[in-house]
Amino acid sequence: MAQEEAQNGGADQKEATKTAVAAVTFTAVKPQLFVEAPKANDAVQFYKAAFGAEEVTRVNQKRKAEQEIPLLSSVELKLGSSSFLVSDLPDDDSSAPVKAATTGCVFCLETEDVEAAVAKAVSAGAVSEGEIAEGDGAAYCGGRVGKLKDPYGNIWMICSPVKKAE
């Protein structure tokens with residue numbers, strides 16, 4: 001029993017670990033979008049033009065001397081009350097945090113004027129995927145939903161707020 005306790009940590013160590021783990025608090029969740037290098041800067045400009053995103057921070061990564069354009073490590077963009085990161089996917093897979101640039105995520109943006117938001121994103125370079133849906137065709141997002149694909153392959157749902165039942 002003493003040997004097993006020593007391998008797994010004594011009672012005092014376990015209690016200290018529980019206390020340390022219980023003290024962890026997350027302050028935000030920030031999705032990170034990776035785009036084919038060196039297009040992250042273009043993506044940032046697109047999100048500003050299409051959705052009115054505001055740049056919060058920017059970190060550039062140094063590249064090898066023979067490479068002309070520096071990679072963009074990340075830009076934090078604020079959109080409404082949320083933020084997300086946009087980064088170049090590095091050329092060399094050894095340092096890449098992901099193996100593929102596809103996310104499998106859909107981003108939902110809420111607005112009262114779905115038509116205007118879709119039109120603005122399309123004029124900035126997004127592609128509308130079908131008509132604006134309402135009711136049963138609107139799925140889980142809200143009352144009216146427009147679906148877009150940005151130039152970097154990410155899917156965005158532009159949704160009107162869900163009406164609260166009275």
Side-chain angles (χ1 to χ4, degrees), residues 25-164:
T25 303
F26 294 101
T27 58
V29 174
K30 295 179 184 175
Q32 186 169 14
L33 301 179
F34 288 95
V35 298
E36 180 184 327
K39 296 181 180 178
N41 201 45
D42 294 338
V44 167
Q45 295 310 313
F46 168 79
Y47 297 128
K48 287 178 176 180
F51 305 132
E54 298 173 25
E55 190 168 321
V56 177
T57 58
R58 176 180 289 259
V59 177
N60 288 319
Q61 176 181 335
K62 292 182 182 177
R63 292 189 84 178
K64 297 173 186 153
E66 69 274 6
Q67 295 172 316
E68 297 172 17
I69 304 168
L71 282 178
L72 190 58
S73 288
S74 66
V75 169
E76 180 178 353
L77 295 175
K78 186 172 190 283
L79 189 53
S81 62
S82 301
S83 64
F84 62 100
L85 304 170
V86 178
S87 304
D88 277 318
L89 188 60
D91 294 333
D92 98 20
D93 283 342
S94 63
S95 65
V98 294
K99 295 296 179 195
T102 58
T103 63
C105 291
V106 173
F107 299 92
C108 295
L109 302 177
E110 191 173 278
T111 182
E112 292 290 338
D113 194 346
V114 174
E115 288 82 0
V118 168
K120 182 178 179 183
V122 167
S123 72
V127 176
S128 179
E129 304 244 316
E131 299 295 317
I132 293 174
E134 202 168 349
D136 290 341
Y140 55 88
C141 284
R144 299 176 49 75
V145 179
K147 183 177 175 184
L148 303 166
K149 183 182 275 189
D150 72 25
Y152 310 96
N154 298 297
I155 303 296
W156 296 81
M157 304 292 274
I158 310 296
C159 312
S160 64
V162 176
K163 302 282 190 248
K164 294 182 181 180

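Only this structure's heavy atoms are used, side chains among them; waters, hydrogens and symmetry mates stay out.
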Specify the closest pair of heavy atoms between [X] and [Y], including all atoms of both residues, with the distance to one decimal.
| X | Y | value |
| --- | --- | --- |
| Ala126 | Phe46 | N-CE1, 3.5 Å |
| Val86 | Ala40 | CG1-O, 3.9 Å |
| Phe107 | Pro31 | CE2-CB, 3.9 Å |
| Asp88 | Glu36 | OD1-O, 3.8 Å |
| Ala50 | Ala121 | CB-CA, 3.7 Å |

Are side-chain heavy atoms of [X] and [Y] found at a separation under 4.5 Å?
| X | Y | answer |
| --- | --- | --- |
| Leu33 | Asn154 | yes |
| Lys147 | Val118 | no |
| Lys39 | Val44 | no |
| Leu77 | Glu54 | no |
| Thr111 | Ile158 | yes |

Quick one: pull up [atom1] in [X] and [atom2] in [Y] and give me the separation to the nearest 0.5 Å.
| X | Y | atom1 | atom2 | value |
| --- | --- | --- | --- | --- |
| Ser83 | Glu55 | OG | CD | 12.5 Å |
| Met157 | Leu148 | CE | CG | 9.0 Å |
| Ser87 | Glu76 | OG | CD | 11.0 Å |

Exercise. Sub-3.5 Å donor-acceptor pair from the side chain of Asp150 to the main-chain atoms of Trp156, do we have one?
Worked result: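 Between the backbone of Trp156 and the side chain of Asp150 there is no qualifying donor-acceptor contact (under 3.5 Å).
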
Exercise. Does NZ belonging to Lys48 count more than 12 external heavy atoms closer than 6.0 Å?
Worked result: yes

Exercise. Should the heavy atoms of other residues, nucleotides or ligands under 6.0 Å from CD of Glu131 be counted, would the total exceed 12?
Worked result: no

For this session: Return each pair, listed once, that meets salt bridge (charged side-chain N to carboxylate O under 4.0 Å, His left out) where at least one residue sits in residues 77-86; pairs must be two or more places apart or across chains.
Result: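 Found none.
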
Problem set entry | Summary of salt bridge (charged side-chain N to carboxylate O under 4.0 Å, His left out) pairs that have at least one residue in residues 118-127, sequence neighbours excluded | none

For this session: List the steps, then state whether side chain to side chain donor-acceptor pair (under 3.5 Å) holds for Asp42 with Tyr47.
Result: CA-CA 9 Å; Asp42 294 338; Tyr47 297 128; over 6 Å; no

Exercise. If we ignore angles and hydrogens, is there a donor and acceptor under 3.5 Å between the side chains of Ser160 and Glu110?
Worked result: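 No donor-acceptor contact under 3.5 Å links the two side chains.
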
Problem set entry | Check: Phe34 ring centre within less than 6.0 Å of Tyr152 ring centre | no

